[in-house]
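Below is one structure, written out as structure tokens; comments come after it.
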Amino acid sequence: MKWPATIAEAKRLQEEMVGRVRLTPLTCRPLTIGGVDAAYGNGQTVAAAVVYDYPTLTLREEAVAALPTTFPYVPGYLSFREGPAILAAITRLSALPDLFIVDGQGIAHPRGIGIATFLGVLLDRPTIGSAKSLLVGTYDEPPAERGSRTPLFYRGQAVGAVLRTRQGVRPLFVSPGHLVTIDEAADIVLDCCTRYRLPEPQREADRLVGTRKRDFSPL
DNA sequence: GCGACAG
DNA sequence: ATCTTGTCGC
């Protein structure tokens, strides 16, 4: 694909792609779940893509890729900063997982197309946005117990769930990316959280980009 | 015009 | 995200 070089171009692409988003229920229970994340350093964007069996949560495969950082971080346009490297990492997987958990927002976005949604439409695969902090919307703080959730509203619409994945920790902002519903997204993310706040695939992808950067940083 | 603002 | 040591709390 051709990546936008300016915010104006990126915005046009988002407005064009949002029409292809489908928040339909999963057609079948996922047997594999992927996780993706990115990190930066020395002008490079390092991305990782991992695959876990589900629901056993056994690590199945990992891949990493690095590309020059070309797009700035601008709230609402994360797809264009991290997307190229993440797709490069995904391309290195022997097989695509049935669903991806993406570090960032899904439809809980100013134009309804956060990075999870963007990747889902591009790959034509179910994706879930799992963000560690809020981008847009309002919500009530969910109870402190694991599994508690409250709706995330934006422009009068429920666009996601604020989910407590572990007792007492800060909640995750979960929203559908593509081809999943809000409830399915929250249920799956919770299922993938065993010992930590982040779902296992997302946590492993995060850990992987960190180690990859360490081993290749020019010292 | 004034804030808010994923990673 | 990244820059950064010790420190508070379970």
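Excluded from the calculations below are hydrogen atoms, water molecules and symmetry mates; all remaining heavy atoms, backbone and side chain alike, are included. Chain identifiers are assigned alphabetically (A, B, ...) following the order of the sequence lines, protein sequences preceding nucleic acid strands; residue numbering begins at 1 within each chain. What you are looking at is a predicted structure, and each value in this text was computed from that prediction instead of being measured.
- Computed from coordinates, the Q202(A) CD to dG7(B) C1' distance equals 11 Å when rounded to whole Å.
- Crowding of E9(A) atom CD: a count of heavy atoms from other residues, nucleotides or ligands under 6.0 Å exceeding 12.
- G76(A) approaches H109(A) most closely through the heavy-atom pair O-NE2, 2.8 Å.
- Distance OH (Y154(A)) to C1' (dA6(B)): 13 Å, rounded to an integer number of Å.
- At dA6(B), none of the side-chain N or O atoms of K132(A) fall inside 4.0 Å of OP1 or OP2 (strictly under the cut-off).
- Between F118(A) and F80(A), the ring planes are perpendicular. Angles over 60° get that label, and only those under 30° would be called parallel.
- Side-chain N/O atoms of R146(A) and Q167(A) include no donor and acceptor closer than 3.5 Å.
- Counting any heavy atom pair closer than 4.0 Å across all strands shown, G76(A) reaches a base atom.
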- Please assess F100(A) against L123(A) for the test side-chain contact (heavy atoms from CB on, under 4.5 Å), listing each intermediate value before the final yes or no. CA-CA 10 Å; F100(A) 275 107; L123(A) 298 167; 3.9 Å; yes
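- Here dA6(B) presents its C1' atom at 14 Å from CZ of F80(A), a figure rounded to the nearest Å.
- A donor atom on one side chain and an acceptor atom on the other are not found under 3.5 Å apart for E82(A) and Y73(A).
- Between the OH atom of Y40(A) and the P atom of dA6(B) there is a distance of 12 Å, rounded to whole Å.
- Residue S133(A) places none of its side-chain N or O atoms closer than 4.0 Å to OP1 or OP2 of dC5(B).
- I107(A) places its CD1 atom 18 Å from the P atom of dA6(B), with the value rounded to the nearest Å.
- Straight-line distance from the CZ atom of R111(A) to the P atom of dC5(B): 16 Å, rounded to whole Å.
- Residue contacts shown for Y77(A) include a base, since a base heavy atom lies under 4.0 Å away.
- Protein atom CZ of R81(A) is 19 Å distant from nucleotide atom P of dC5(B), rounded to whole Å.
- Around CZ of R60(A), the count of heavy atoms belonging to other residues, nucleotides or ligands within 6.0 Å does not exceed 12.
- At a threshold of 4.0 angstrom between heavy atoms, the contacts of E82(A) are confined to the sugar-phosphate backbone, with no base atom among them.
- Residue contacts for L134(A): at a heavy-atom cut-off of 4.0 Å it reaches the sugar-phosphate backbone alone, with no base atom in range.
- In this structure, Q105(A) atom CD and dA6(B) atom C1' are separated by 5 Å, rounded to whole Å.
- The ring of Y73(A) does not lie on top of the base of dA1(C); it is either too far (5.5 Å or more) or too tilted (30° or more).
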Per-residue pairing states of DNA chain B in dot-bracket (Watson-Crick or G-U under 3.5 Å; . unpaired, | other strand) read .......
